[in-house]
*Asks:* 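Dropping a structure here in structure tokens format, bear with me for questions.
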Amino acid sequence: MILIDGKKAAAELRAELKEEVAELKSKHNKVPGLTVILIGDLTPSQIYVRNKEKSANEVGLKSEVIKYPDSVEEKTVLEKIQELNSDETVSGILVQLPLPKHIDKQKVIEAIDPSKDVDGFHPMNVGNLSSGYESSIPCTPLGCYLLIKKIEPNLSGKKAVVVGRSNLNGKPMTQLLLKENCTVIITHSKTKDLKAECLGADIIVAAVGIPELVRGDWVKKDAIVIDVGINKTDKGIVGDVHFDEVSKNAKALTPVPGGVGPMTIACLLKNTIDCFKRSQI
Ligand code: NAD
């Protein structure tokens with residue numbers, strides 16, 4: 001079984017991006033800039049944002065974090081986004097989710113200029129991705145896609161089962177696999193026989209949020225299994241895939257942690273650089 005090393009893949013991607021930033025700097029005499037808006041003091045969000053800033057600096061991006069207290073008014077955030085939209089030094093804008101209840105998430109997402117939407121959540125980018133046009137792609141599914149392609153460069157005709165249909169993970173993952181000419185089945189909480197669906201899959205991407213949902217006898221030999229889940233349990237952090245069981249069957253599997261997670265941040269940097277490149281045309 002191939003243990004898909006997300007840390008290594010992310011480090012390789014960051015090294016490529018670092019070189020690209022240096023080339024862009026010498027060509028344009030400026031570097032891509034990423035601005036993250038962090039609202040409130042939720043510890044996981046603070047850790048994510050700190051990691052994003054550290055990685056952005058590592059590859060040579062200009063990075064900035066704007067912090068607001070939990071009590072910030074929605075209007076203040078929307079005005080700041082408008083200001084960043086017209087700031088030429090800002091290539092990418094990310095508002096760290098989740099947001100406090102009094103702030104309308106959709107309004108915030110739609111306020112970001114689609115050409116600076118490094119999360120790929122703006123309806124314009126969602127539509128462009130599903131139409132097969134150039135777009136920002138949500139970072140986690142993009143990371144999964146790059147890991148799958150490392151194992152199997154030609155996905156044409158493969159049967160893929162995506163478990164979970166969130167806007168963040170399942171739906172964009174489906175679009176990416178479809179673009180590669182996979183036959184894609186998207187499953188969710190109302191799917192009748194998830195095991196039977198998974199058993200037919202050459203590729204399984206699990207993004208559910210249920211610890212160890214995908215079992216060893218759900219996976220056919222030689223399947224590529226990507227585990228997006230991050231679940232806190234008594235025995236520590238586990239994924240949506242039962243690692244010990246599935247590793248006995250699968251051709252390749254991502255561990256949790258150390259699989260998809262590191263690729264998510266590296267893909268945010270990639271998206272920032274891609275937004276910058278499109279803005280220079
Ligand atoms: P979500 O809660 O938005 O969506 C979960 C999806 O799973 C839903 O579409 C639901 O229909 C489906 N589902 C629920 N129960 C099911 C069942 N029994 N069978 C089949 N489908 C079922 O979750 P999300 O935001 O997509 O996140 C999923 C997991 O991925 C979480 O554990 C989250 O922490 C993790 N995550 C990881 C990363 C990363 O970088 N690795 C990034 C984002 C999210």
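The first residue in the sequence is number 1, and the count goes up from there. From a predicted model like this one, the values you see are computed outputs, not experimental measurements. Just follow the structure's listing: the first ligand is 1, and inside any ligand the first atom is 1.
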*Asks:* Specify the closest pair of heavy atoms between Val260 and Leu147, including all atoms of both residues, with the distance to one decimal.
*Replies:*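 Nearest pair, atom of Val260 first, then Leu147: CA-CD1, 4.3 Å.
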*Asks:* Can you tell me which portion of Leu168 lies within the under-4.0 Å heavy-atom range of ligand 1? Options are side chain, backbone, both, or neither.
*Replies:*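 Under 4.0 Å from ligand 1, Leu168 contributes side-chain atoms alone.
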*Asks:* Salt-bridged, Lys270 to Glu16, with N to O below 4.0 Å?
*Replies:*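 No, no charged N to carboxylate O under 4.0 Å.
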*Asks:* With respect to atom 44 (C) of ligand 1, which of Asn169, Thr140, Ile237 exhibits the smallest heavy-atom separation?
*Replies:*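 Comparing heavy atoms across Asn169, Thr140, Ile237, the nearest one to atom 44 (C) of ligand 1 lies in Asn169.
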*Asks:* State whether a side-chain donor-acceptor pair under 3.5 Å links Thr89 with Asp87.
*Replies:*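 Yes, side-chain donor-acceptor contact under 3.5 Å.
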*Asks:* Under a plain distance cut-off of 3.5 Å, with no hydrogens placed, do Asp113 and Ser115 share a side-chain donor-acceptor pair?
*Replies:*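 On atom types as modelled, these side chains qualify, holding a pair under 3.5 Å.
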*Asks:* By number and element, which atoms of ligand 1 are closer than 4.0 Å to a non-hydrogen atom of Val260?
*Replies:*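 Under 4.0 Å from Val260, ligand 1 has these atoms: 41 (N).
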*Asks:* Which residue supplies the protein heavy atom nearest to atom 9 (O) of ligand 1, what is that atom called, and how far is it?
*Replies:*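 Minimum-distance protein heavy atom for atom 9 (O) of ligand 1 reads Arg165 N, 2.8 Å.
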*Asks:* Between ligand 1 and Ala207, can you find any atom pair, the residue atom being a heavy atom, that is separated by under 4.0 Å?
*Replies:*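 Ala207: in contact with ligand 1 (<4.0 Å).
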*Asks:* Should we count NZ of Lys116 as having more than 12 external heavy atoms under 6.0 Å?
*Replies:*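 Yes, because the 6.0 Å sphere around NZ of Lys116 holds more than 12 heavy atoms from other groups.
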*Asks:* Looking only at protein heavy atoms, identify the closest one to atom 11 (O) of ligand 1 and say how far it is in Å.
*Replies:*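 For atom 11 (O) of ligand 1, the nearest protein heavy atom is Ser189 N, 3.2 Å.
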*Asks:* Nearest protein heavy-atom contact for atom 33 (C) of ligand 1: which residue, which atom, what distance?
*Replies:*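 The closest one turns out to be Ile230 N, 4.2 Å.
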*Asks:* Please write down residue, atom name and distance for the protein heavy atom closest to atom 5 (C) of ligand 1.
*Replies:*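 Answer, as residue, atom name and distance: Val208 O, 3.3 Å.
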*Asks:* In ligand 1, which numbered atoms sit nearer than 4.0 Å to a non-hydrogen atom of Thr264?
*Replies:*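 The atoms of ligand 1 under 4.0 Å from a heavy atom of Thr264 are 39 (C), 40 (O).
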*Asks:* Checking contacts here: is it the side chain or the backbone of Asn231 that comes within 4.0 Å of ligand 1, counting heavy atoms only? Could be both or neither.
*Replies:*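 For Asn231, only side-chain atoms sit under 4.0 Å from ligand 1.
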*Asks:* Report the nearest protein non-hydrogen atom to atom 31 (C) of ligand 1: residue, atom name, distance rounded to 0.1 Å.
*Replies:*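 Among all protein heavy atoms, the one nearest atom 31 (C) of ligand 1 is Gly209 CA, 3.7 Å.
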*Asks:* With a sphere of 6.0 Å drawn around NZ of Lys107, does it hold more than 12 non-hydrogen atoms of other residues, nucleotides or ligands?
*Replies:*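 Incorrect, the count does not exceed 12.
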*Asks:* Would you mind checking which non-hydrogen protein atom is closest to atom 21 (N) of ligand 1, with the distance to 0.1 Å?
*Replies:*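 Nearest neighbour among protein heavy atoms for atom 21 (N) of ligand 1, to 0.1 Å: His188 C, 3.1 Å.
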*Asks:* Which residue in the set Leu34, Thr35, Val21, Val90 passes side-chain contact (heavy atoms from CB on, under 4.5 Å) when paired with Thr272?
*Replies:*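 Looking at Leu34, Thr35, Val21, Val90, the match for Thr272 under the side-chain contact (heavy atoms from CB on, under 4.5 Å) is Leu34.
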*Asks:* Which residue owns the protein heavy atom closest to atom 15 (N) of ligand 1, what's the atom, and how far is it?
*Replies:*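 For atom 15 (N) of ligand 1, the nearest protein heavy atom is Ile210 CD1, 3.6 Å.
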*Asks:* Tell me, which protein residue and heavy-atom name are nearest atom 41 (N) of ligand 1, and how many Å apart are they?
*Replies:*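 Residue, atom and distance for the closest contact: Val228 O, 3.3 Å.
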*Asks:* Counting neighbours of CD on Glu134 that are heavy atoms of other residues, nucleotides or ligands and sit closer than 6.0 Å, is the number greater than 12?
*Replies:*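 No - once you tally the heavy atoms of other residues, nucleotides and ligands closer than 6.0 Å, there are 12 at most.
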*Asks:* Contact between Leu194 and ligand 1, counting heavy atoms under 4.0 Å?
*Replies:*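 The answer is yes: ligand 1 sits under 4.0 Å from a heavy atom of Leu194.
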*Asks:* Check whether more than 12 heavy atoms from other residues, nucleotides or ligands sit under 6.0 Å from atom NZ of Lys179, and answer yes or no.
*Replies:*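 Counting other residues, nucleotides and ligands, NZ of Lys179 exceeds 12 neighbours.
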*Asks:* Do any nitrogen or oxygen atoms of Leu213 come within less than 3.5 Å of a nitrogen or oxygen of ligand 1?
*Replies:*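 Min N/O separation from ligand 1 is not below 3.5 Å for Leu213.
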*Asks:* What residues, two or more places apart in sequence or in another chain, satisfy salt bridge (Lys or Arg N to Asp or Glu O under 4.0 Å) together with Glu152?
*Replies:*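 Partners of Glu152 under the salt bridge (Lys or Arg N to Asp or Glu O under 4.0 Å) test: Lys251.
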*Asks:* Determine, stepwise, if the pair Lys27 / Gln280 fulfils side-chain hydrogen bond (donor to acceptor under 3.5 Å, both in side chains).
*Replies:* CA-CA 11 Å; Lys27 188 170 170 199; Gln280 301 303 306; over 6 Å; no
*Asks:* Taking only heavy atoms of Gly164, which atoms of ligand 1 are found under 4.0 Å from at least one of them?
*Replies:*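 This gives 6 (C), 7 (O), 9 (O), 12 (C) as the contact atoms.
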